[in-house]
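What follows is a single structure, written as structure tokens, with notes after it.
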Amino acid sequence: MVLSITKVGVDGISILFIILTTFITPLCIISVNNTVKTRLRDFLIAILIMESFMIGVFCALDLVVFYLFFEAGLIPMFLIIGIWGGPKRVYSAFKFFLYTLLGSVLMLVAIISIYWISGTTDVIKLYEFGIDEKYQNLLWLAFFSSFAVKTPMWPVHTWLPDAHVEAPTAGSVLLAAILLKMAGYGFIRFSLGLFPVASEVFTPLIYGLSVIAIVFTSLIALMQEDMKKLIAYSSVAHMGFVTLGIFTIQQQGIEGSIIQMISHGLVSAALFLCVGVVYDRMHSRLISSYGGIVTIIPKYSILFMLFTLAALGLPGTSGFIGEFLILMGVFKDNFLVAVIASLGVILGAAYMLWLYKRVVFGKLVNKDLTKMVDLNKSEYFILSCLAIPTLFFGFYPDPLINTIEVSVSDLINMYNNNLINK
Amino acid sequence: MNFPILSSLILLPVIGALFLFFTKDKDGNNLTAKNVSLFTAAVNFLISIYLWITFDQSISSFQFIEDREWIDGFINYKSWC
Amino acid sequence: MNNLNLVLPEIFISLSIMFLLVLGVFKKDSSRLIFNISLLVFFITAIITLNETYSVTRITLFNESVVIDHMSSLMKIITLIGAFLVLAISSSYLKTFKIFKIEYPILILCSVLGMMVMISSNDLMVFYMGLELQSLALYVLATFNRDQLKSSEAGLKYFVLSALSSGLLLYGCSLIYGFSGSTNFDIIASQLNSNKYVLTFGIVFILVGLAFKISAVPFHMWAPDVYEGSPTSVTLFFTMVPKIAALTVFIRFLYVPFLNLIDQWQMIIIFLSIASMLFGAIAAIGQTNIKRLIAYSSIGHIGYTLAGLATGSNEGIQSSIIYISIYVIMNLALFSCLLMLKRNNQYYEDIDDLSGLSKNHPLLSLSMLVILFSLAGIPPLAGFFAKFYIFKTVIEQSMYFLAIVGLLSTVIAAFYYLRIIKIIYFDKEKEKYDSDHSPWLKFSLTFSTILILLYFIFPSQLIEAVSRINII
């Protein structure tokens, strides 16, 4: 009998994330053409092992297996940041590892407690039988501590900018595109699925933190000088939208957050790769070193423009679909929160467009920039591979929505049933 | 259909990494390493596309489930189709 | 009817010790021969134990003072195999420091004999006898490297402090004898109703003595100095094997006679556990010597093991035994790595000597990575499962505070394990170390690292072996 991993399975929600993971990983591998110079083989081993763990997270149907894969992913990421990263890589690697580990150990206590209370850690069985109401609050908080650090939510987001800045490009891509989504997935699968009563109780908390994340980090992003840090903070803001959408617990809200996660995976991967492209040529991530490169590297500028617009949620890109559905869901639930979140959309447009203007448009001040070469074949290939789904799903999101629709509505029905019965 | 597709999805990169482990580590442009890893990742992607295509979008329950006993009495396996 | 077959292992070891002593004295230059014969003795004794005693449920011998049950045979086998591997990998270290004498393997045999007696003891006197035999051998082993000041200091320190703790332990034994009228565990258990709470005095003294042996906080003071000063192969022996025996005695002592007094001793064990876990995590952070760091880290690990004991359930005992088995494997692997750091006939023990190891010795660094992450308790390695079982049993008994402290100290301890990994992988490399090592060393490193790495595939094997242990 072939060795099979215990208790795995997919439903509509998980399958999209698995596709995202297997799609981004080959692109990452192609991208290390130019960026990683030493010990390439070890780097690729780390990426492959990470891919394995990430897929495992999304298809685990048992809490212990989920926790195993969730935590195991820390090891390769720690090594990727620490060995192949920038000057402050050791500090960022440690911060990333210890922050995330601290958040997750409480989840371990919660998982063991669930086993003790319900006699099983099998997710399907737990969906059927539910968990006793009086324990749900504490368990929800334990799971929340882990997912909040990984999302990352304000105020435990401070590890992300450091990790992104110091990580090599392929590491940042994996981190932003997939690692962050594990937390969002965890919220949907476990916080909503297993603890409906507690989720109702804590929804205002999530709303508050998400809204603060959206507005506050967007404002911080406006002030950034380092491109990677700016995109990192924009990731926090986008994930703020995602958590907002998840806890609307409406069909549109949750669908929107899933699509937003997929889109953000593609778009932020592309943005980090774009930063990587110019960094490879000029060895600087500071916005001030650039300006007016549109005439020098036009192909790059077009693709960069596309992803900038996708990041701010322009209709026609996948970013719009996600944001729009989330806001629709939030408007139904709480008007004030929706208004503030929409403010975040405006701020998002502000910092992304300003970034683009300062880097690509404007006067060509730095004379060294004229020596820059346009995209080579592999970079062009990667960015177009990311551009195509972004545009395609922007105009035709049906494949995505069809995949998740039934699973999401089933989740919501189960949620509402559990609420009524308790 | 009984083929453990999800397990292969998870294990294939590990097997690829194992293969990589036994190649030599050259400084600079290490074509063997890149090709092996790219091949593994690409195959994984194709398998996941196949998974998406054969996924039944009309039912809400979990599909492609695999179950096996792992830690006695703790993580239990039940078999599914 | 005494079934002497069941104590055949102990008899065999005692006879071999006597034989080897005579052989060593009368034959010149026989250190190599004695060494090899001792390895063989360990191996044969392990097989004898497996054959004779493994399938026994519970038999008491010698007027009920010696008990052979599943736990004793399992622990004895682990001890014997551990001692076998420890001895096997120490040969080049001993030769470098010119301490490859006939007394070394014989002392290890004596110590193991003492441990086996301890493991099987069902009586305070038998236990004390085994304890003293084990400790006396260890005192001499600690100072075996006569030409180094540190070694003599370590041995003397260990001797004085250990003698003090043995004295306290003996005092506790005499108190218990005084209040219950017997030194036999079973008889003490049956006498419990009359003088219940007075026995607490005796228990406290004995626990102090035992906590010293197992280096739990606050009786751990000897451990860092002794571990650092002793020859590395002896430190390896210290960290691995005596703890198995001490843990078994802890289990038997707490659960057989005094199970009904659990509300008296449970708080003590919880305190020992929490203090050890936290101290082991925090104190290791500033260390620069690997052996000292290992001493603090093993204090932390003992804290986790005691947490399993504090639960008062069979599952708790089983999880502690699983933890100590996995800990033994991890320690064996770690020290195998340490013994490979040899250059120009000199061994290196500072953490900075590990700097940049990954550049010159990729396989060794990869093994260190696996071992260190396992010690930190990161999935999917064996160390995670060890901690997982402990926390599972602790939470099942609703001891949430203990679980949370344990998990927090895991995170704190992860810091210094990460620091070592950082030094190995991220820092500048030093000169290359020797690559030719004895085959036993390479075998033990590969074997233990693969066990740690692939434990998650068959976790139930160990659980099945341990689950037949039901003391309560």
Side-chain angles (χ1 to χ4, degrees), chain A residues 1-12 14-16 18-19 21-23 25-30 32-33 37-53 55-56 59 61-62 64-65 69 115 120-124 399 402-403 405-411 413, chain B residues 2-21 23-30 32-34 36-49 51-52 55-71 74-78 80:
Chain A
M1 176 41 184
V2 176
L3 171 73
S4 54
I5 307 288
T6 163
K7 212 63 179 93
V8 290
V10 287
D11 73 345
S14 12
I15 200 167
L16 278 186
I18 296 179
I19 310 266
T21 313
T22 54
F23 182 62
T25 310
L27 297 178
C28 268
I29 295 180
I30 303 177
V32 300
N33 254 336
K37 305 274 188 296
T38 62
R39 301 163 79 171
L40 183 60
R41 181 201 72 165
D42 299 333
F43 190 73
L44 293 173
I45 294 180
I47 291 190
L48 283 179
I49 299 208
M50 258 217 94
E51 180 186 8
S52 172
F53 291 150
I55 298 179
C59 56
L61 278 188
D62 184 296
V64 178
V65 178
F69 281 121
Y115 174 69
T120 175
T121 50
D122 182 327
V123 172
I124 299 183
N402 285 339
T403 314
E405 190 166 15
V406 177
S407 304
V408 172
S409 65
D410 194 60
L411 186 75
N413 284 337
Chain B
N2 227 349
F3 184 71
I5 194 168
L6 282 177
S7 298
S8 0
L9 214 56
I10 299 179
L11 285 177
L12 203 64
V14 177
I15 298 176
L18 224 75
F19 263 122
L20 265 185
F21 190 61
T23 66
K24 270 189 161 308
D25 189 17
K26 289 182 286 201
D27 262 340
N29 206 13
N30 194 343
T32 337
K34 270 192 279 197
V36 170
S37 51
L38 191 55
F39 178 70
T40 319
V43 168
N44 229 26
F45 176 59
L46 292 173
I47 298 181
S48 67
I49 292 290
L51 192 74
W52 199 11
F55 182 78
D56 186 345
Q57 296 188 348
S58 57
I59 54 173
S60 68
S61 54
F62 290 95
Q63 302 171 36
F64 302 104
I65 298 195
E66 294 164 28
D67 234 332
R68 210 177 64 147
E69 189 145 315
W70 190 40
I71 302 183
F74 197 100
I75 300 176
N76 270 315
Y77 226 68
K78 31 181 236 284
W80 212 265

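We name chains A, B, ... by the order of the sequence lines, and we start the count at 1 in each one.
Nearest heavy-atom pair, Phe55(B) versus Asp11(A), reported as atom, atom and distance to 0.1 Å: CZ-C, 3.5 Å. Closest approach of Leu6(B) and Gly9(A) over heavy atoms only: CD1-CA, 3.5 Å. When every heavy atom of Ile10(B) is checked against every heavy atom of Cys59(A), the shortest pair comes out as CD1-SG, 3.8 Å. The minimum heavy-atom distance between Lys34(B) and Ile29(A), with the atom names listed, is O-CG2, 4.3 Å. Taking every heavy atom of both residues into account, Ile18(A) and Ser48(B) meet most closely at CG2-CB, 4.4 Å. Taking both residues in full, the closest heavy atoms of Ala42(B) and Pro26(A) are given as N-CG, 4.3 Å, listed atom of the first, atom of the second, then distance.
Interface remark: of the candidates Val408(A), Thr403(A), Ile47(A), Thr403(A) forms the most heavy-atom pairs closer than 4.5 Å to chain B. Contacts with chain B were tallied for Val10(A), Thr25(A), Ile15(A), Asp410(A); Val10(A) has the most, counting heavy-atom pairs under 4.5 Å. Chain A forms the most heavy-atom pairs under 4.5 Å with one residue out of Asn44(B), Leu12(B), Leu46(B), and that residue is Asn44(B).
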Task: Full working for side-chain contact (heavy atoms from CB on, under 4.5 Å) between Asp42(A) and Phe21(B) - done: CA-CA 8 Å; Asp42(A) 299 333; Phe21(B) 190 61; 5.9 Å; no

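Heavy atoms closer than 4.5 Å to chain B are found nowhere in Leu411(A), neither backbone nor side chain.
From Leu9(B), atom CG reaches atom CD1 of Ile55(A) across 4.0 Å, with rounding to the nearest 0.5 Å. For the atom pair CG (Leu51(B)) and OG (Ser14(A)), the distance works out to 9.5 Å, reported to the nearest 0.5 Å.
Residues satisfying the side chain to side chain contact (heavy atoms under 4.5 Å, CB included) criterion with Ala33(B), sequence neighbours excluded, are Arg41(A), Leu44(A), Leu20(B), Asn30(B).
Looking at Ile49(B) and Thr22(A), their side chains never come closer than 4.5 Å, going by heavy atoms from C-beta outward.
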